[in-house]
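Please read the structure below before turning to the comments.
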There are 2 protein chains.
Amino acid sequence: MSHIVGARQAQKQRTRQALMEAALVLLENQSLSSLGLREVTRAAGVAPTAFYRHFRDTADLGVALVEEALGGLHAVIRATLAATGDSAVRIDAAVGLIARHVHAYPAHVRFVTRERHGGVRRVRDAIGGQLGLFADEVAAWLATQPDCAAWSEDDRRMLAHVYVDHMVMTASAFLEAGPYGEERVEAAASLARRQLRLIGLGRRHWLD
Amino acid sequence: MSHIVGARQAQKQRTRQALMEAALVLLENQSLSSLGLREVTRAAGVAPTAFYRHFRDTADLGVALVEEALGGLHAVIRATLAATGDSAVRIDAAVGLIARHVHAYPAHVRFVTRERHGGVRRVRDAIGGQLGLFADEVAAWLATQPDCAAWSEDDRRMLAHVYVDHMVMTASAFLEAGPYGEERVEAAASLARRQLRLIGLGRRHWLD
DNA sequence: ACATTCAGTAAACAACCGTTCTCTGATTGC
DNA sequence: GCAATCAGAGAACGGTTGTTTACTGAATGT
């Protein structure tokens with residue numbers, strides 16, 4: 001493996017990824033504030049000192065995990081919002097999207113829901129920042145919708161906040177339901193859909 | 001201090017309380033899964049081995065904290081639900097109650113919101129169990145309300161779930177707003193009230 | 001009064017932690 | 001080709017961790 005351009009950077013990114021994946025596995029049974037540096041390097045198969053080539057400390061690793069878990073979702077959310085459709089099929093699509101995402105990246109979802117109110121301030125803030133951006137995008141989309149055009153900006157942000165919070169809670173519910181069978185997952189989906197329907201009804205009559 | 005009946009048990013409960021309070025203080029800047037036994041006893045001013053006279057491990061301490069934080073709230077919730085009033089004053093009363101409770105017991109609230117999805121399964125389950133009981137009580141109350149009497153049992157549980165989740169999120173929002181001044185707290189209260197109004201509107205038109 | 005109970009103490013244990021310093025050897029730019 | 005760079009390894013450090021064992025002495029029941 002020589003004379004390949006960027007072979008060094010490629011290998012570095014590889015171990016960096018190995019560290020992040022090892023951390024993600026370990027974080028399924030504990031929280032970030034108890035995650036040890038040595039523990040991570042051991043699981044990743046590198047020397048403890050190699051950790052410092054990539055992260056200052058485990059909190060730094062956590063911030064990188066937030067970026068990995070949520071950074072790529074903005075495009076997905078924007079695309080989902082742009083899709084048109086009846087409100088009922090909208091709800092089905094949104095809940096189905098969440099269900100599939102949780103099924104595909106359970107460890108990332110668990111990490112975000114666990115550390116959103118977790119013991120490490122920098123990670124908490126990073127998650128809060130990303131969710132705030134999600135709310136911004138939803139609020140901007142709401143401004144383009146006929147039924148919310150006449151709302152105040154504050155009220156649109158309030159509703160966007162509700163949608164984002166509901167998305168996170170639904171993801172968490174799918175995560176808890178997952179190991180207990182498919183009917184539990186379907187119950188969580190049904191719950192989420194009805195809650196969205198309730199919110200949609202409130203939205204429709206907000207200006208009464 | 002001799003020849004007092006129960007002097008021994010009283011002193012034991014005292015150190016037990018000292019351990020729990022010390023833990024609660026330490027848990028403001030970390031999460032339970034990183035809380036050390038020695039750390040707690042040091043902060044409580046007792047020998048490390050004294051810990052075992054009260055708790056098997058720190059997870060056990062966490063379960064006791066859940067009981068302390070949420071066990072006494074059932075009566076408060078039931079009393080609040082029993083109070084009659086217009087829906088607008090109901091909302092004001094509920095949000096005000098949450099605000100006052102967060103102000104009075106910030107560490108307990110922080111602990112619950114942090115460990116609800118935290119890294120210690122037994123504590124997670126204990127919190128989930130208590131919140132489930134809250135939802136039961138709210139659902140039972142909804143069954144007595146004229147506008148929900150015709151709802152299905154499942155739908156009432158869905159709405160109760162929404163109310164309980166909203167209560168927890170509002171408490172967390174108050175907690176985050178607290179250190180940044182009174183206007184931030186008022187903004188959180190306004191947000192919570194409008195969200196409750198939205199839910200109320202959805203509830204009113206559920207059977208349309 | 002006296003024997004029992006038991007909350008809390010004290011010392012020791014092996015294991016683990018984060019961090020520093022030094023070194024190696026393959027990739028890199030020239 | 002050759003010198004410079006730098007990701008990773010290795011060893012050692014002082015400190016902390018959970019747990020065990022043996023012990024103390026005041027509150028207890030009779």
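Every chain is numbered from 1, with letters handed out A, B, ... down the list of sequences.
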Notebook entry, point to check: To the nearest angstrom, how far is A:Leu26 atom CG from C:dC17 atom C1'?
Noted result: 15 Å
Note to self: What is the separation between atom CZ on B:Phe55 and atom P on D:dG18, rounded to the nearest whole Å?
What the structure shows: 15 Å
Next item on the list: Using the test ring-ring contact (aromatic ring centres under 6.0 Å, His included), find all partners of A:Trp206 that sit at least two apart in sequence or belong to another chain.
Entry: A:Trp151
Note to self: Measure CD/B:Gln9 against C1'/D:dA27 and give the value in whole Å, please.
What the structure shows: 11 Å
Notebook entry, point to check: What is the distance from CD of A:Glu39 to P of D:dT16, rounded to the nearest Å?
Noted result: 20 Å
Contacts under 3.5 angstrom, residues 123-133 of chain A side chains, donor-acceptor by atom type, not counting sequence neighbours:
residue: A:Arg124; atom: NH1; partner: A:Gly118; partner atom: O; Å: 2.9
residue: A:Gln130; atom: OE1; partner: A:His74; partner atom: NE2; Å: 3.4
residue: A:Gln130; atom: NE2; partner: A:Glu67; partner atom: OE1; Å: 3.3

Next item on the list: Could you tell me the separation between the CZ atom of A:Phe51 and the P atom of C:dT20, rounded to a whole number of Å?
Entry: 13 Å
Note to self: Strictly under 4.0 angstrom, non-hydrogen atoms only: write out the protein contact profile of nucleotides 5-12 of chain C, one letter per nucleotide from the 5' end, B, S or -.
What the structure shows: BBBBBBBB
Checklist line | Spacing between A:Arg42 atom CZ and C:dG18 atom C1', to the nearest angstrom | finding: 13 Å
Note to self: So, using side-chain contact (heavy atoms from CB on, under 4.5 Å) as the criterion, who are the partners of B:Ser172 when residues are at least two apart?
What the structure shows: A:His117, B:Thr113, B:Glu176
Notebook entry, point to check: When you look at CD of A:Glu183, are more than 12 heavy atoms from neighbouring residues, nucleotides or ligands closer to it than 6.0 Å?
Noted result: yes
Checklist line | Atom-pair distance (CD on B:Gln30; P on D:dT16), nearest Å | finding: 15 Å
Next item on the list: Output all residues satisfying salt bridge (Lys or Arg N to Asp or Glu O under 4.0 Å) with B:Glu182, sequence neighbours left out; order by chain, then residue number.
Entry: none
Next item on the list: With sequence neighbours left out, write down each residue that passes ring-ring contact (aromatic ring centres under 6.0 Å, His included) with B:His54, or none if nothing qualifies.
Entry: none
Next item on the list: Could you state the atom-to-atom distance from CG of B:Leu61 to P of D:dG18 in whole Å?
Entry: 12 Å
Item checked: Distance test, side-chain N/O of B:Arg56 to OP1/OP2 of D:dG18, below 4.0 Å -> no
